[in-house]
Structures are given as structure tokens and as C-alpha cells.
Q: 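Let me begin by handing over the structure; questions about it come next.
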Amino acid sequence: MRALPSAPVEKVIVTYKSQAAEAGSNTAAKSDTAEKAAKTGEKLAFERRLAGGGALVDLGDSATKQDVTEVMDAFRADPSVASVEPDIRAYAMAVAPNDTDYAKQWDLFEPTGGMNVPAAWDKTTGSGVTVAVIDTGYAAHSDLATNIVSGYDFISTSADARDGNGRDADPKDEGDWNATDGECGTGSRASNSSWHGTHVAGTIGAVTNNTKGIAGIAYNAKIQPVRVLGKCGGSSADIADAITWASGGSVPGVPANANPARVINLSLGGASATCPSVYQTAINGAVSRGTTVVVAAGNSNANASGFTPANCSNVINVASTSREGNRSYYSNFGTNIDVAAPGGETRRATDTPGTVTTPENGIYSTLNSGTTTQSAENYKPYQGTSMAAPHIAGLAALLKSAKSTLTPAEIETAIKANARPLPGTCTGGCGTGIADTAKTVDAVTGTTTPPTGTVFTNATDVTISDNTTVSSSIAVTGRTGNAPAALKVGVDIKHTWRGDLVIDLVAPDGTVRNLKASSSSDSADNVVATYTVDASSEVANGTWKLQVRDVASGDTGYIDSWNLTF
């Protein structure tokens with residue numbers, strides 16, 4: 001518990017009886033205030049009439065408790081006064097949780113590298129949302145137990161599952177240890193079990209304010225463990241089925257999911273030049289059912305385009321940042337990164353691989369102490385884009401809980417639009433910056449007033465091939481009259497040579513307005529900009545198109561998202 005501050009009372013609220021002149025006349029209320037000032041010897045001023053009819057009377061900032069009491073007694077003694085009460089202070093109730101290790105969770109609250117989570121908890125804590133953690137399964141942990149709902153084990157090969165059978169309804173993490181070098185292919189090393197899925201789950205939904213352990217980002221959300229990684233990793237066939245099932249789709253031979261997830265976290269991946277169709281089909285199906293899919297960019301300090309499912313469409317692809325707000329030394333990067341989040345660094349880039357030299361700079365979460373099979377529960381810091389992704393999955397759950405009508409595309413757009421620039425450096429591309437939880441929640445709940453009116457968005461990816469013209473459409477409805485003279489067109493295009501691109505806005509009647517011309521000398525990546533267009537001659541309602549033409553060869557990209565602000 002934290003005691004609330006004791007602020008001095010500087011104003012009182014006086015409610016007059018309905019028949020009194022002061023009840024409806026500000027002049028009469030001012031006169032009465034002057035009379036009470038003369039009677040008490042205090043400097044009183046009628047400030048304004050409140051919506052409920054009361055008169056706000058200012059005592060000044062030097063009034064003592066005795067002064068306030070004297071003034072209130074004077075008003076109460078007046079037969080024309082129905083009531084008088086102090087104008088008291090209220091405070092945000094999102095105080096620091098009492099979890100014993102919360103101070104280690106810099107990733108939630110530190111202003112430099114953190115994600116500004118606590119300031120959002122007054123508005124949303126994830127209630128009513130299920131988040132599927134498609135990973136190694138679940139190692140029993142008391143700091144997670146009450147937030148766990150039934151999941152599934154999708155590992156189809158008994159030897160990899162280590163549970164004596166194939167797929168079953170028990171997502172228990174049986175361990176992903178390797179006994180010897182080379183056991184899982186050339187270059188693989190012997191290692192202990194990671195309990196990876198349990199660590200990811202804690203970041204998203206650890207039980208909070210229970211005087212133990214850590215706080216989860218969406219601590220009133222439910223966590224659904226879905227096991228796909230066992231001995232030597234997991235297969236794309238199993239992972240794709242898990243994505244389908246977790247989002248409420250049908251998988252042959254598997255009972256229907258009683259708690260379909262509205263958010264899926266995929267802190268997993270492998271090398272692949274393209275997104276396998278089995279992944280893309282499953283992801284598209286999940287998104288069509290209203291499930292937001294969050295993926296880790298990968299930990300190879302390389303372009304994320306060479307890793308999957310990070311290179312799939314319809315996902316939120318997450319890079320990792322350090323406590324100092326730089327891109328983590330290991331994090332993948334590139335034009336297909338959507339946003340960054342804290343993933344930590346448990347060692348410096350120059351330290352011996354496998355060592356832990358800066359544990360305080362890692363992401364602290366729930367774990368298990370077993371080296372192979374499960375033993376006692378514990379907590380440890382990890383680093384990785386696997387740790388960054390659940391920060392975004394947790395944020396997605398907060399958003400979905402705060403506004404249940406949000407689509408996956410709207411959630412992605414909100415997260416990206418409200419991110420803040422990295423305070424440090426990012427070579428190669430870290431999306432729109434570090435996600436800002438409170439700012440994003442405020443934006444979708446209308447807590448902050450947007451600079452202009454309604455925003456219409458399309459966040460479906462559209463591939464831009466060499467020497468082609470593509471378009472993305474937005475159907476504008478519910479407007480009256482013509483579009484504004486200062487129509488805002490927000491554009492987010494990922495492309496490795498933006499000078500190749502000609503960008504136009506096409507109005508519902510077919511009128512074309514150029515936003516950007518091509519330039520053979522502009523070799524920079526990406527077009528992330530807001531253009532202002534005089535569209536006052538156009539009817540607002542109708543289908544507007546963003547038309548993108550690639551006029552050269554050698555570089556490609558895609559329309560990530562775009563919006564119109566009326």
C-alpha cells in the first residue's frame with residue numbers, strides 16, 4: 001500500500017438552495033462570496049459555476065486548515081446554502097505493484113529503455129483477452145498459475161515431444177535439452193532446457209500485486225500455452241496447425257479450442273529466404289478470425305528478411321532494444337521490422353558468448369530451475385527478440401481489452417504510430433521505434449484528443465515488385481460533404497531504394513494527386529511520411545486508393561500501411 005499525498009485545500013464548492021438568487025446568478029454568487037470574505041477576513045474569489053450548478057470559491061494557496069474550516073462554517077451558517085465541501089484532489093491509482101522483483105523490470109518503467117507500461121494500467125490490464133504463447137509449453141509456476149487456461153501440445157513426433165506420445169491436450173514443457181553436440185544437426189551444441197515458453201508467458205501475464213515475483217504487462221489477461229518446440233526445435237507443420245487452432249480455426253483430429261486467443265506470440269523462427277506458404281496460410285487465417293500475430297525478428301544480427309516467420313505478412317515483427325535504448329547487438333533488423341521493444345542484453349557484445357555479465361540489463365521473468373526436466377520454479381533474466389515480442393503481445397492484449405472492436409490491422413497501426421524514436425542507435429532499421437504502452441492505449445481509448453478528425457487505415461501488406469504499379473484501398477464512410485482542404489495522407493512503405501517509387505493518391509472519382517515523384521539519387525530506405533493534400537473538391541465518402549509505381553529494377557518492398565485523416 002502507498003499513502004496518498006495530503007494536499008492543502010485551496011477551494012471550496014458551494015451549492016445554494018434552488019430558490020436562492022445565488023443558485024442561478026453569478027453576480028449574486030460573487031456578491032455572496034465578497035460578503036463571506038468580509039465576515040471571515042479571508043481573501044475569497046468566486047471562480048466559476050460548475051456544470052452541476054455549484055459555485056467554485058477560491059481561498060488562495062496560503063489558506064490554512066483553520067482558514068478553510070472558518071470559511072466553510074460561514075457558508076454553512078447561511079440559510080441560502082444547501083451544502084459546502086472542499087475541492088479535494090484525486091490521484092491516479094496505477095501505483096507501482098507490490099511484486100517483490102518489480103524493481104528489476106526496467107523494461108516496463110524506465111524512461112530511457114522501458115515501454116511506459118504502468119501509466120496504462122489505470123485504463124486496461126488485459127481483462128477478457130486470451131494470449132496464446134506458441135512455444136516450448138508451460139513449466140508450472142505459482143506466479144502464472146491463476147492466469148493459465150487450457151492449451152495443447154502440437155508436437156506430433158513422440159521422440160521430440162518426450163512425453164511418450166504425439167499430440168495431446170497437455171502443454172506441459174517436457175524440456176528442450178540436448179545431451180550431446182551434434183544431436184540436432186551439424187553445429188548444434190549440448191544445452192540445458194530453456195523453459196522458454198514460461199519466460200515469455202511471464203512477461204505477458206504474470207500475476208501482479210500478489211507480493212511475489214514479477215508483474216505482467218497484461219496481468220489480467222489469460223495465457224494459453226501451446227507447445228510446438230521440444231527436442232531439436234519444432235516443425236513448421238506443427239507450428240502452422242498451432243497458429244490455426246490457437247486462433248479458433250479447425251485442425252483435423254484436434255478438439256476445438258474452447259478459449260480462442262485474440263493475440264498470438266511467436267518467439268521462434270528459422271532461416272528462410274521466403275515465408276513458407278504453410279506459415280502464411282495459417283497466419284492469414286488467424287488474422288481473418290481477428291487474432292493479432294506477433295513474431296520475434298530473430299537474434300542473428302542480420303536482415304530479418306532472411307528469417308521466418310519474421311518475413312511473413314500480416315504479422316507485427318519485433319526487433320529488440322537494450323536498456324540504453326539501442327538496438328540490441330544480436331537483434332535482427334531491416335525494412336520489414338514493424339516496431340522495437342525491450343529485449344535486453346545479459347552480456348555485452350564483446351563478452352564471451354554464453355556468459356552472463358550484465359544480468360541486471362536482461363528481461364527478468366518466470367522460469368524453472370531444472371537442467372533437463374522440471375524442478376523448482378524460479379526467475380531469471382534472458383535476452384533476445386524472444387523477450388521483445390511478448391512485450392508487444394502484452395500491449396496488443398491491453399489494446400484489445402480496452403477496445404474490443406479493434407482489428408489486428410488497427411492494433412498494429414496504433415502500436416506503430418505511437419512508438420517513440422530510439423534514444424540510442426539502430427543500424428539497419430528498427431521499425432517506427434520503441435513501443436509506448438500508455439501513449440498507444442490513450443490513442444485507442446480517446447484519452448488524448450487527436451489533432452484532427454477520424455482516421456481511416458489500411459494495414460494490409462501489398463508487395464511492390466520491380467517495374468509494377470500496385471494500390472491499396474480505403475473505404476471512407478460516415479462523412480458528410482467534401483474532403484478537407486488539408487487532407488492528411490500517412491504513408492508507411494518499406495523499400496530498399498525509395499527513389500524508385502512514384503506515389504499517388506487516387507480519389508473516389510479517379511482524380512490522381514501526386515504525393516511523391518521518383519528520384520534516381522534518393523537511395524535511402526523506406527517512405528514514412530505524412531502528406532497534406534487539398535481534396536476539398538472531392539466527396540469524402542467513397543473508395544480512396546494509394547497507388548505506388550516502381551519505375552526501376554533491383555530493389556523491391558511493400559506497402560506496410562497507410563491512412564487518411566479527415
Q: Might you confirm whether atom NZ of Lys545 has over 12 heavy atoms from other residues, nucleotides or ligands at distances under 6.0 Å?
A: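 Not buried by this count: 12 neighbours or fewer within 6.0 Å.
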Q: Where the side chain of Ser288 meets the backbone of Gly285, is there a donor-acceptor pair that is under 3.5 Å apart?
A: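 It does hold such a pair.
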Q: Just do the side-chain contact (heavy atoms from CB on, under 4.5 Å) check on Asn265 and Val200 with the steps written out, would you?
A: CA-CA 9 Å; Asn265 188 91; Val200 168; 3.5 Å; yes
Q: Which residue pairs pass the ring-ring contact (aromatic ring centres under 6.0 Å, His included) test when at least one of the two sits in residues 219-241, sequence neighbours left out?
A: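 Residue pairs passing ring-ring contact (aromatic ring centres under 6.0 Å, His included), neighbours aside: Trp121-Tyr219.
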Q: Say you draw a straight line from CG of Asp500 to CD1 of Ile464; how long is it, rounded to the nearest 0.5 Å?
A: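 Atom-to-atom, Asp500:CG and Ile464:CD1 are 10.0 Å apart.
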Q: CD1/Ile264 to CD1/Ile134 distance, rounded to the nearest 0.5 angstrom?
A: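 Interatomic distance, Ile264 CD1 to Ile134 CD1, rounded to 0.5 Å: 4.5 Å.
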Q: Would you give the length of the straight line joining atom CD1 of Ile148 to atom NZ of Lys222, rounded to the nearest 0.5 angstrom?
A: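 Rounded to the nearest 0.5 Å, the CD1-NZ separation comes to 9.0 Å.
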Q: Does a side-chain N-to-carboxylate-O contact under 4.0 Å join Lys494 and Asp525?
A: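 A salt bridge is absent here (no side-chain N lies under 4.0 Å from a carboxylate O).
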Q: Before you tell me yes or no, could you show the steps for Ile239 and Phe154 under side-chain contact (heavy atoms from CB on, under 4.5 Å), namely the whole-Å CA-CA distance, both residues' side-chain angles and the distance that decides it to 0.1 Å?
A: CA-CA 7 Å; Ile239 294 167; Phe154 273 89; over 6 Å; no
Q: Looking only at non-hydrogen atoms, find the nearest pair between Cys312 and Ile283 and report the distance.
A: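 Closest approach of Cys312 to Ile283: CB-CD1, 3.8 Å.
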Q: Testing the 3.5 Å rule here: is there a donor-acceptor pair between the side chains of Ser142 and Glu377?
A: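 There is such a pair (donor and acceptor under 3.5 Å, judged by atom type) between the side chains of Ser142 and Glu377.
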Q: Please check this pair: side chain of His141 against backbone of Asn378, looking for a donor-acceptor N/O pair closer than 3.5 Å.
A: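 Here the side-chain-to-backbone pair exists.
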Q: The test is side-chain hydrogen bond (donor to acceptor under 3.5 Å, both in side chains); show your working for Asp173 and Thr136 and say whether it passes.
A: CA-CA 6 Å; Asp173 191 337; Thr136 63; 2.7 Å; yes
Q: Tell me the closest heavy-atom pair linking Val207 and Asp99, and the distance in Å.
A: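 In terms of heavy atoms, the two residues are closest at O-OD2, 3.3 Å.
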Q: Enter the distance from Asp163:CG to Ser158:OG here, rounded to the nearest 0.5 Å.
A: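 OG of Ser158 is found 6.5 Å from CG of Asp163.
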Q: Does the side chain of Val293 reach to within under 4.5 Å of the side chain of Leu266, using non-hydrogen atoms?
A: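 Side-chain contact under 4.5 Å: yes.
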Q: Would you say the side chain of Ile217 lies within less than 4.5 Å of the side chain of Thr203, judging by non-hydrogen atoms?
A: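 Yes; the side chains approach each other to less than 4.5 Å.
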Q: Flag the pair Leu406 / Val444 as yes when at least one side-chain heavy-atom distance between them is below 4.5 Å, and no otherwise.
A: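 Leu406 vs Val444: side chains touch.
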Q: Begin with the C-alpha distance, continue with both residues' side-chain angles, and end with the deciding distance and a verdict on side-chain contact (heavy atoms from CB on, under 4.5 Å) for Phe333 and Thr427.
A: CA-CA 8 Å; Phe333 50 82; Thr427 53; 5.7 Å; no
Q: Are any non-hydrogen side-chain atoms of Ile316 and Val295 less than 4.5 angstrom apart?
A: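 Of all side-chain heavy-atom pairs linking Val295 with Ile316, none is under 4.5 Å.
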Q: Is it true that Asn284 and Asn314 share a donor-acceptor pair across their side chains at a distance under 3.5 Å?
A: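 Judged by distance alone, the side chains do pair up.
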Q: State whether a side-chain donor-acceptor pair under 3.5 Å links Thr244 with Asp241.
A: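 Asp241 and Thr244 do not have a side-chain donor-acceptor pair below 3.5 Å.
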Q: Please report the shortest heavy-atom distance between Ile337 and Ala319, naming the atom on each side.
A: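 Smallest heavy-atom distance, with atoms named: CG2-CB, 3.8 Å.
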Q: Quick check against the 3.5 Å criterion: does Thr407 have a side-chain atom that pairs as donor or acceptor with the backbone of Glu410?
A: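 Yes, because the side chain of Thr407 sits within donor-acceptor range (under 3.5 Å) of the backbone of Glu410.
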Q: So, for His199 and Tyr364, is the gap between ring centers shorter than 6.0 Å?
A: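 So the answer is no for these two rings.
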Q: Side chains of Trp562 and Asp492: does their closest heavy-atom pair fall under 4.5 Å?
A: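 No, their side chains stay 4.5 Å or more apart.
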Q: Please identify which of these residues, Ser471, Ser313, Ser472, meets the side chain to side chain contact (heavy atoms under 4.5 Å, CB included) condition with Val462.
A: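 Looking at Ser471, Ser313, Ser472, the match for Val462 under the side chain to side chain contact (heavy atoms under 4.5 Å, CB included) is Ser472.
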Q: Testing the 3.5 Å rule here: is there a donor-acceptor pair between the side chains of Tyr138 and Gln374?
A: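 On atom types as modelled, these side chains do not qualify, holding no pair under 3.5 Å.
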Q: Say whether, by atom type as modelled, one donor and one acceptor occur between the side chain of Arg262 and the main chain of Thr130 under 3.5 angstrom.
A: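 Looks like no, no N/O pair under 3.5 Å.
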Q: Looking only at the side chains, is there a donor atom on one of Asn301 and Arg327 sitting less than 3.5 Å from an acceptor on the other?
A: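 On atom types as modelled, these side chains qualify, holding a pair under 3.5 Å.
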Q: What I want to find out is whether Asp504 reaches Lys516 closely enough, with some N-O distance under 4.0 Å, to be called a salt bridge.
A: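 Between Lys516 and Asp504 there is no salt bridge, as every charged N stays at least 4.0 Å from the carboxylate O atoms.
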Q: What's the shortest heavy-atom distance between Val131 and Ala393, and which atoms?
A: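 Taking every non-hydrogen atom into account, CG1-CB, 4.4 Å.
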Q: Is the backbone N or O of Ile243 less than 3.5 Å from a side-chain atom of Ser247, with the two atoms forming a donor-acceptor pair by type?
A: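 Yes; at least one donor-acceptor contact below 3.5 Å.
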Q: Give, for atom CD of Glu174 and atom CG of Asp153, the distance between the pair rounded to the nearest 0.5 Å.
A: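 CG of Asp153 is found 8.0 Å from CD of Glu174.
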Q: Answer yes or no: is there a side-chain heavy-atom contact under 4.5 Å between Ile559 and Asp461?
A: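 Side chain of Ile559 against side chain of Asp461, heavy atoms only: no contact under 4.5 Å found.
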Q: Between Asn418 and Thr440 (side chain of the first, backbone of the second, donor and acceptor by atom type, cut-off under 3.5 Å), is there such a pair?
A: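 No: the side chain of Asn418 does not pair with the backbone of Thr440.
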Q: Hey, does the side chain of Asn458 reach the backbone of Thr460 with a donor-acceptor pair shorter than 3.5 angstrom?
A: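 Pair found, side chain donor or acceptor close to backbone of Thr460.
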Q: Take Tyr379 and Asp143, measure what side-chain hydrogen bond (donor to acceptor under 3.5 Å, both in side chains) needs, and give me the verdict at the end.
A: CA-CA 10 Å; Tyr379 304 83; Asp143 212 4; 3.0 Å; yes
Q: What I'd like to find out is whether the side chain of Val489 reaches to under 4.5 Å of the side chain of Thr530, using heavy atoms alone.
A: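 Result no, sub-4.5 Å side-chain heavy-atom pair not found.
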Q: Tell me if the CZ atom of Arg420 is crowded by more than 12 foreign heavy atoms within 6.0 Å.
A: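 Yes, enclosed.
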Q: Looking just at side-chain N and O atoms, do His391 and Asp107 make a donor-acceptor pair shorter than 3.5 Å?
A: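 Result is yes, a qualifying pair exists.
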Q: Testing the 3.5 Å rule here: is there a donor-acceptor pair between the side chains of Asp550 and Asn467?
A: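 Side chains of Asp550 and Asn467: no pair found under 3.5 Å.
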Q: Check the pair Thr385 / Asn299 against side-chain hydrogen bond (donor to acceptor under 3.5 Å, both in side chains), numbers first and verdict last.
A: CA-CA 6 Å; Thr385 57; Asn299 303 327; 2.8 Å; yes
Q: Using a 6.0 Å distance limit plus a 45 degree cone around the ring axis, check whether Arg162 lies over the aromatic ring of Trp177.
A: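 Flagged: Arg162 positioned over aromatic ring of Trp177.
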Q: Taking 4.0 angstrom as the limit, do Arg167 and Asp238 come out as a salt bridge?
A: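 Asp238 and Arg167: salt-bridged.
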Q: So, the side chain of Asp338 versus the backbone of Asn317: is there a donor-acceptor pair under 3.5 Å, distance only?
A: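 Side chain of Asp338 to backbone of Asn317: a pair is present.
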Q: Taking only Lys NZ, Arg NE, NH1 and NH2, and the carboxylate oxygens of Asp or Glu, determine whether Glu183 and Arg189 approach each other closer than 4.0 Å.
A: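 No, no charged N to carboxylate O under 4.0 Å.
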Q: Under a plain distance cut-off of 3.5 Å, with no hydrogens placed, do Thr457 and Asn563 share a side-chain donor-acceptor pair?
A: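 Asn563 vs Thr457: no donor-acceptor pair found between side chains.
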Q: Quick one, Gln383 and Tyr330 - any side-chain contact, counting heavy atoms below 4.5 Å?
A: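 They are in side-chain contact.
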Q: When you measure from the side chain of Asp176 to the backbone N and O of Ser194, does any donor-acceptor pair fall under 3.5 Å?
A: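 Here the side-chain-to-backbone pair exists.
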Q: Testing the basics here: between Val226 and Ala242, what is the closest heavy-atom pair and its distance to 0.1 Å?
A: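 Shortest heavy-atom contact: CG1-CB, 3.7 Å.
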Q: Evaluate side-chain hydrogen bond (donor to acceptor under 3.5 Å, both in side chains) for Gln224 paired with Asn257, printing each intermediate quantity in order.
A: CA-CA 10 Å; Gln224 183 170 72; Asn257 184 357; 3.0 Å; yes
Q: Any donor and acceptor pair, going by atom type alone, linking the side chain of Ser375 with main-chain N or O of Gly370 inside 3.5 Å?
A: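 Not a single qualifying donor-acceptor pair exists.
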Q: Taking atom OG1 of Thr371 and atom CG of Asn192, what is their separation to the nearest 0.5 Å?
A: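 Reported value, rounded in 0.5 Å steps: 5.0 Å.
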Q: Does any donor atom in the side chain of His196 or Ser267 lie under 3.5 Å from an acceptor atom in the other side chain?
A: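 No, no side-chain donor-acceptor contact under 3.5 Å.
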